[in-house]
There are 2 protein chains.
Amino acid sequence: MDEVFKALADASRRSLLDRLHARNGQTLNQLCEGLAMTRQAVTKHLAILEEANLVTTIRHGREKLHYLNPVPIHQIGERWIKKFERGKLAALGELKRQLEKRDE
Amino acid sequence: MDEVFKALADASRRSLLDRLHARNGQTLNQLCEGLAMTRQAVTKHLAILEEANLVTTIRHGREKLHYLNPVPIHQIGERWIKKFERGKLAALGELKRQLEKRDE
DNA sequence: ATAATAGGCAACCAAATGGTTGCATGTCAA
DNA sequence: TTGACATGCAACCATTTGGTTGCCTATTAT
């Protein structure tokens, strides 16, 4: 879980996921196109995404195809974000109450 | 958006949010209790959470009360996670297809 | 066979991160 | 009013991070 959050913390990595979401199964060089980064930097980002299980790769000859795995993202939504949606109104209500109380 | 992801990337900060979710409106010292960190470290974490608008504070005399703001978390869910839930099955389907193709 | 292509590995670097200690300030209570 | 309490500020430190360059290996196409 921590690895997923850490992986998502970087804008470059999120944009790599976006690219894979737009077109799945791209090679390293395809993913590098148009980015202001060296290939090696992208390799490192992809390694972190793979470590977090957000990306799966398949070697195909000399090419390495990268596939998005949306499951960990979904889990963040289910196990983490939903927890804070319950009681969202309650929290804001309490905050409002305190803000008003401030002026007493 | 980036600030929110960055803020959520640290386990200590997520646990601070958890604590506020359990009991909203705590002081700095209350939030420090039981943590293996100095007060100043917690202060820094709270500053980052505040910067990301995940926590709002209200001064009350010499105390500073911290309140959870669940809105940015909700936005991550709406604007980011949901995007990857659509097409989740499609992505996995394509992955499966490739995995099978590998053995040809 | 050999050149071009796709990717991997390792060393290095600057800046950001997460933490510390020490001291200062503001507020409350006796 | 003075001591205790709650928080703030700043300097410092080690490690991690995000990036680079240079070179190596494996596969494909001519």
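A note on names: the letters A, B, ... follow the listed sequences, proteins ahead of strands, and every chain is numbered from 1.
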Looking at every non-hydrogen atom in both residues, tell me the closest pair between Phe84(B) and Ile73(A) and how far apart they are.
CG-CD1, 3.8 Å
List the atom pairs, donor and acceptor, that lie under 3.5 Å between side-chain atoms in residues 43-54 of chain A and the rest of the protein, sequence neighbours left out.
| from | atom 1 | to | atom 2 | distance (Å) |
| --- | --- | --- | --- | --- |
| Thr43(A) | OG1 | Arg39(A) | O | 3.0 |
| His45(A) | ND1 | Arg13(A) | NH1 | 3.1 |
| Glu50(A) | OE2 | Thr57(A) | OG1 | 3.1 |

Rounded to whole angstrom units, what separation is found between the [atom1] atom of [X] and the [atom2] atom of [N]?
X: His45(B); N: dT17(C); atom1: NE2; atom2: P; answer: 12 Å
X: Asp10(A); N: dG19(D); atom1: CG; atom2: C1'; answer: 11 Å
X: Leu46(B); N: dT7(D); atom1: CG; atom2: C1'; answer: 12 Å
X: Leu8(B); N: dG18(C); atom1: CG; atom2: P; answer: 12 Å
X: Asp2(A); N: dT17(C); atom1: CG; atom2: C1'; answer: 14 Å

Can you build the contact string for nucleotides 6-11 of chain C? Use B for base contact, S for sugar-phosphate-only contact, and - for no protein heavy atom under 4.0 Å.
SBBB--
Applying salt bridge (Lys or Arg N to Asp or Glu O under 4.0 Å), which residue pairs with at least one partner in residues 18-38 of chain A are found, sequence neighbours left out?
Asp18(A)-Lys83(B)
Would you mind telling me which residue lines up with the more 5' stretch of DNA chain D, Ala9(A) or Gly61(A), judged by nearest nucleotide?
Ala9(A)
Which residues pass the side-chain hydrogen bond (donor to acceptor under 3.5 Å, both in side chains) test with Ser15(A), not counting sequence neighbours?
none
Please tell me if Thr38(B) has a side-chain N or O lying less than 4.0 Å from either OP1 or OP2 of dT20(C).
yes
Any donor-acceptor pair under 3.5 Å from Glu63(A) side chain to His60(A) backbone:
no
Can you list everything that forms a salt bridge (Lys or Arg N to Asp or Glu O under 4.0 Å) with Arg14(B)? Sequence neighbours excluded, please.
Asp2(A)
